[in-house]
Amino acid sequence: MSAESASGIPKGQVDLLDFIDWSGVECLNQSSSHSLPNALKQGYREDDGLNLESDADEQLLIYIPFNQVVKLHSFAIKGPEEEGPKTVKLFSNKENMGFSNVNDYLPSDFAELSEDNLKGKPVILKYVKFQNVRSLTIFIEDNQSGSEVTKVQKIALYGTTVETTDMKGLKKVEDH
């Protein structure tokens, strides 16, 4: 029995797409004509003809806030063989990161993407590091061929929601 369902989603996990707070999503160094929604939004990310592309150099810094706390299990980043991402660093709950300070922080986890990963095989994360995720920053440091442009066809995040969190209860504590 495979650990993945027919959709490629790891067993027991859900696609966290529905829990993304789209109003807060940001991507630094994206090409204006090939922007993040091409790789992240439902429908767009299923079309391999649509890419997120880097602009000034090969690096991309993507900030994804969630509208509720999630447990992140794994991620999939699809890309072409040559310009697809290679080194990917993930940061849990780090706000306001930029290229100037991204190396000041230790990533919660990182991955070197293989050819299988670029075709959509999920990367399993150090689950203990991603138990209470309110936001995720993805730093794509370089690409497979060392070229100036990195292309991402799809980004998918898999995990579960932390349903026991009572947001109203949290608000009351903050008010005191």
Side-chain angles (χ1 to χ4, degrees), residues 8 15-17 19-67 70 72-127 129-130 132-159:
D15 186 331
L16 295 172
L17 188 73
F19 304 103
I20 292 174
D21 175 5
W22 292 101
S23 65
V25 171
E26 286 179 8
C27 182
L28 302 181
N29 194 38
Q30 64 183 338
S31 157
S32 55
S33 55
H34 298 280
S35 60
L36 182 61
N38 285 351
L40 197 58
K41 286 216 167 188
Q42 188 77 49
Y44 291 66
R45 65 180 190 176
E46 277 69 43
D47 182 342
D48 287 347
L50 294 173
N51 294 311
L52 159 63
E53 290 182 17
S54 62
D55 191 20
D57 60 24
E58 74 283 5
Q59 296 186 333
L60 286 160
L61 192 60
I62 302 163
Y63 176 73
I64 303 172
F66 297 99
N67 55 28
V70 299
L72 193 60
H73 171 271
S74 52
F75 71 93
I77 294 182
K78 250 175 95 175
E81 204 174 310
E82 296 289 310
E83 304 99 336
K86 183 177 176 188
T87 309
V88 178
K89 295 180 178 176
L90 294 108
F91 301 87
S92 173
N93 303 325
K94 287 273 184 253
E95 309 292 318
N96 306 316
M97 289 181 75
F99 290 110
S100 61
N101 69 357
V102 72
N103 291 316
D104 296 348
Y105 300 102
L106 216 53
S108 306
D109 205 353
F110 72 94
E112 294 276 334
L113 299 186
S114 68
E115 203 176 307
D116 284 347
N117 295 139
L118 289 177
K119 291 178 179 159
K121 182 178 189 246
V123 174
I124 308 298
L125 294 166
K126 291 177 186 147
Y127 199 48
K129 303 259 188 174
F130 297 95
N132 285 297
V133 180
R134 291 175 303 283
S135 68
L136 182 70
T137 302
I138 302 171
F139 176 45
I140 296 173
E141 196 164 34
D142 53 16
N143 58 41
Q144 298 290 329
S145 63
S147 65
E148 284 292 296
V149 175
T150 298
K151 294 183 179 180
V152 180
Q153 294 163 330
K154 177 177 182 174
I155 298 172
L157 304 170
Y158 305 117

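By convention here, the first residue in the shown sequence is residue 1. Only heavy atoms go into these numbers, but all of them, side chains included; no hydrogens, no water, no symmetry mates.
Every residue meeting the side-chain hydrogen bond (donor to acceptor under 3.5 Å, both in side chains) condition with Thr150, not counting sequence neighbours, appears here in chain and number order: Asn143. For Asn96, there are no side-chain contact (heavy atoms from CB on, under 4.5 Å) partners at least two apart in sequence or on another chain. By the side-chain contact (heavy atoms from CB on, under 4.5 Å) test, Ile138 pairs with Ile62, Ile64, Ile77, Val88, Leu90, Leu136, Ile140, Ile155, Leu157, sequence neighbours left out. With sequence neighbours left out, Gln59 forms a side-chain contact (heavy atoms from CB on, under 4.5 Å) with Asp57, Phe99, Phe139, Glu141. Checked against side-chain hydrogen bond (donor to acceptor under 3.5 Å, both in side chains), Lys78 has the following partners two or more places apart in sequence or in another chain: Asp48. In terms of the side-chain contact (heavy atoms from CB on, under 4.5 Å) criterion, residue partners of Leu17 (sequence neighbours excluded) are, by chain and number, Asp15, Ile20, Trp22, Gln42, Arg45.
Contact annotation: the side chain of His73 never approaches that of Phe130 to less than 4.5 Å [non-hydrogen atoms, C-beta and beyond]. Counting only heavy atoms from C-beta outward, the side chains of Ser135 and Tyr63 approach each other to under 4.5 Å. The closest side-chain heavy-atom distance from Phe91 to Tyr105 is below 4.5 Å. The shortest distance between side-chain heavy atoms of Glu53 and Val149 falls below 4.5 Å. Using a 4.5 Å cut-off on side-chain heavy atoms (C-beta onward), Glu82 and Ser147 make no contact. Looking at Val152 and Pro85, their side chains come closer than 4.5 Å, going by heavy atoms from C-beta outward. Between Leu61 and Cys27, the closest side-chain pair of non-hydrogen atoms is not below 4.5 Å. Contact check for Lys154 versus Glu46: side-chain heavy atoms found under the 4.5 Å cut-off.
When atom types are taken as modelled, the side chain of Asn101 and the backbone of Gly98 share a donor-acceptor pair closer than 3.5 angstrom. With hydrogens and angles ignored, the 3.5 Å screen pairs a side-chain donor or acceptor of Asn38 with a backbone N or O of Asn51. The closest donor-acceptor contact from the side chain of Asn117 to the backbone of Val123 lies at 3.5 Å or more, if one exists at all. Between the side chain of Gln30 and the backbone N or O of Leu36, at least one donor-acceptor pair lies under 3.5 Å.
Between the OG atom in Ser74 and the CG atom in Leu125 there is a gap of 6.5 Å [rounded to 0.5 Å]. In this structure, OG1 in Thr137 is found 9.5 Å from CD in Glu26, a value given to the nearest 0.5 Å. Between Leu52 atom CG and Ser35 atom OG the span is 7.5 Å, to the nearest 0.5 Å. Taken to the nearest 0.5 Å, the OG1 atom of Thr87 stands 8.5 Å off from the CD atom of Gln144. Of the inter-residue distances, the one linking Glu83 atom CD with Ser54 atom OG reads 9.5 Å to the nearest 0.5 angstrom. Summarising the geometry, atom NZ belonging to Lys94 is positioned 7.0 Å from atom OG belonging to Ser108; distances are rounded to the nearest 0.5 Å.
Looking at Ser23 and Asp21, their side chains do bring a donor and an acceptor atom within 3.5 Å of each other.
When every heavy atom of Lys89 is checked against every heavy atom of Asn103, the shortest pair comes out as NZ-OD1, 4.3 Å. Nearest heavy atom pair, residue Phe66 against residue Leu16, reads CE2-CB, 4.2 Å. Across all their heavy atoms, Gly120 and Ala76 have their closest contact at O-CB, 3.7 Å.
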**OP:** Go through the steps to decide whether Ser31 and Asp55 satisfy the test side chain to side chain donor-acceptor pair (under 3.5 Å), and finish with yes or no.
**Re:** CA-CA 5 Å; Ser31 157; Asp55 191 20; 5.3 Å; no
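The residues Lys126 and Asp109 are annotated as salt-bridged, a charged nitrogen and a carboxylate oxygen being separated by less than 4.0 angstrom.
The local environment of CD in Glu95 is crowded, with over 12 non-hydrogen atoms from other residues, nucleotides or ligands closer than 6.0 Å.
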